[in-house]
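Input: a single structure, listed below in structure tokens.
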Amino acid sequence: MTDYRFRGVSQTDEELAVQGGVTVSHASGAYVGTWASNLAGWGTFGGSNTELDIYGGYAAEVTPGVKLDVGLTWYMYPGGADTTDFAEPYVKLSGDVGPASVLVGVAYAPKQRALGRVYYDADAYNAGVPDAPGKKSDNFYMWADASSAIPETPLTVKGHIGYSNGNSGLGPNGTSVAPTGSYVDWMLGADMAVGPLTLGIAYIDTDISKSESAYLYPNFASSKDGSQIAGATVVFSLGASF
């Protein structure tokens, strides 16, 4: 990936990300898996500056053509501060609507220290003096994804829209899952299959304005030019699955 955007916000300082994962599924519908990516910028995760997600759940058809998926993701940052990790349960429904594959999901992370508004602004974080040490917060995210193959071509068009609602400050690691309290993120893109590979392009943006995120600076800015790390961007990707 030319940038790792998590819910519209860059996690790699608008730079290259290398990612990979593996999932093991059982015939019963149960599954477990793990996924990882490098990180940079946007606060200080510490350690290896790596995100390592471990997830598991159960997926099954609840009615013909409609699948229900219930699970939990544990977000970890190996070697980082103890207060960076958090757990997030999720529920997803997916199925086909005409020629499109559609998925809607809700994820709710209950109150945890990693999500707390420990620093009210970047000045407090840079000074290293927590405004609310030990504070816990929760986080809510809902989203919808859709994709559709273009007949007689190797192309698939795709789209995404999501809504975040959480703490409007900086967490223990100088970040926040919902950095301005609540915001919307979206994506429009296309994938092209080339043998075992998939080439992707995606336009990603949020409705976070410069004025809304001003209290987060310099955390919420690219180290290259100081631009907001949730602004509009085009991300290119190359992937393979097997």
Side-chain angles (χ1 to χ4, degrees), residues 4-12 19 21 33-37 39 41-46 49-57 69-78 80-93 103-122 124-125 130-145 160-187 204-209 212-217 219-220 228-231:
Y4 169 26
R5 292 274 171 145
F6 179 71
R7 298 173 185 175
V9 179
S10 177
Q11 307 292 294
T12 50
Q19 305 172 340
T34 185
W35 179 93
S37 176
L39 303 171
W42 187 206
T44 303
F45 289 95
N49 278 319
T50 302
E51 176 185 330
L52 176 63
D53 303 341
I54 296 177
Y55 55 87
D69 184 348
V70 179
L72 179 143
T73 302
W74 185 269
Y75 296 87
M76 300 192 303
Y77 304 91
D82 293 337
T83 52
T84 58
D85 300 356
F86 68 96
E88 185 181 66
Y90 57 83
V91 178
K92 298 184 285 187
L93 277 174
L103 180 149
V104 293
V106 174
Y108 176 72
K111 288 188 175 182
Q112 296 162 76
R113 287 186 65 188
L115 306 175
R117 187 178 178 179
V118 175
Y119 302 98
Y120 291 149
D121 54 40
Y125 174 74
D131 297 302
K135 184 175 177 60
K136 298 180 180 180
S137 295
D138 57 1
N139 193 84
F140 173 81
Y141 186 67
M142 62 184 299
W143 76 98
D145 296 334
H160 160 91
I161 187 167
Y163 170 73
S164 297
N165 193 308
N167 90 67
S168 57
L170 295 171
N173 52 329
T175 68
S176 174
V177 179
T180 55
S182 64
Y183 73 97
V184 176
D185 71 278
W186 61 89
M187 177 276 292
I204 301 173
D205 200 0
T206 74
D207 69 347
I208 300 175
S209 68
E212 288 177 318
S213 58
Y215 68 97
L216 298 169
Y217 287 87
N219 291 53
F220 204 65
Q228 187 203 86
I229 59 172

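Just so you know, these numbers use all the heavy atoms, side chains as well, and skip hydrogens, waters and symmetry mates.
Side chain of Ser182 to backbone of Ala178: no donor-acceptor contact under 3.5 angstrom is found. Ser213 places no side-chain N or O within 3.5 Å of a backbone atom of Leu216 that could act as its donor or acceptor partner. Of the possible donor and acceptor atoms, none in the side chain of Asn167 sits under 3.5 Å from a partner among the backbone N and O of Ser137.
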Could you walk me through whether Asp185 and Tyr141 pass the side-chain hydrogen bond (donor to acceptor under 3.5 Å, both in side chains) check?
CA-CA 11 Å; Asp185 71 278; Tyr141 186 67; 2.9 Å; yes
Verdict with supporting geometry, Tyr217 and Asp121, side-chain contact (heavy atoms from CB on, under 4.5 Å)
CA-CA 8 Å; Tyr217 287 87; Asp121 54 40; over 6 Å; no
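Here the closest heavy-atom approach between residue Leu52 and residue Ala36 is recorded as CD1-CB, 4.0 Å. In terms of heavy atoms, Tyr77 sits closest to Thr84 at CE1-O, 3.4 Å. Residues Leu39 and Thr12 approach most closely at CA-CG2, 4.0 Å, considering heavy atoms. When every heavy atom of Thr206 is checked against every heavy atom of Arg7, the shortest pair comes out as CG2-O, 4.4 Å. Of all non-hydrogen atoms in Val104 and Ala144, the two that sit nearest each other are CG1-CB, 4.0 Å. Residues Val9 and Ala230 share a closest heavy-atom pair of CG2-CB, 4.0 Å.
Contact check for Val184 versus Trp143: no side-chain heavy atoms found under the 4.5 Å cut-off. By the 4.5 Å heavy-atom criterion applied to side chains, Trp42 and Ser10 are not counted as neighbours. Side-chain atoms of Glu88 and Tyr90, non-hydrogen and from C-beta on, never get closer than 4.5 Å to each other. Residues Ser168 and Tyr215 have side chains in contact (heavy-atom distance under 4.5 Å, counting atoms from C-beta outward). Taking 4.5 Å as the limit, some side-chain heavy atom of Phe6 sits within range of a side-chain heavy atom of Val177. Tyr120 places none of its side-chain heavy atoms less than 4.5 Å from the side chain of Leu170.
Residues forming a ring pair (Phe, Tyr, Trp, His ring centres under 6.0 Å) with Tyr183 (at least two apart in sequence, or on another chain): none. Every residue meeting the side-chain contact (heavy atoms from CB on, under 4.5 Å) condition with Pro110, not counting sequence neighbours, appears here in chain and number order: Pro89, Tyr108, Gln112. Applying the side-chain hydrogen bond (donor to acceptor under 3.5 Å, both in side chains) rule to Asp53 yields no partners; only residues at least two apart in sequence or on another chain are considered. Every residue meeting the ring pair (Phe, Tyr, Trp, His ring centres under 6.0 Å) condition with Phe86, not counting sequence neighbours, appears here in chain and number order: Tyr75. Shown here are the ring pair (Phe, Tyr, Trp, His ring centres under 6.0 Å) partners of Tyr4, two or more places apart in sequence or in another chain: Trp35. The ring pair (Phe, Tyr, Trp, His ring centres under 6.0 Å) test applied to Tyr55 returns no partner, not counting sequence neighbours.
In this structure, Thr175 OG1 and Asn219 CG are separated by 9.0 Å, a value rounded to the nearest 0.5 Å. Separating the CH2 atom in Trp74 from the CD1 atom in Ile54 is a distance of 9.5 Å, to the nearest 0.5 Å. Here Gln11 contributes atom CD and Glu51 contributes atom CD; the two are 7.0 Å apart, rounded to the nearest 0.5 Å. To the nearest 0.5 Å, atom CZ of residue Arg113 and atom NZ of residue Lys136 are 8.0 Å apart.
For Met142, the CE atom sits in a loose shell: 12 or fewer heavy atoms of surrounding residues, nucleotides or ligands are nearer than 6.0 Å.
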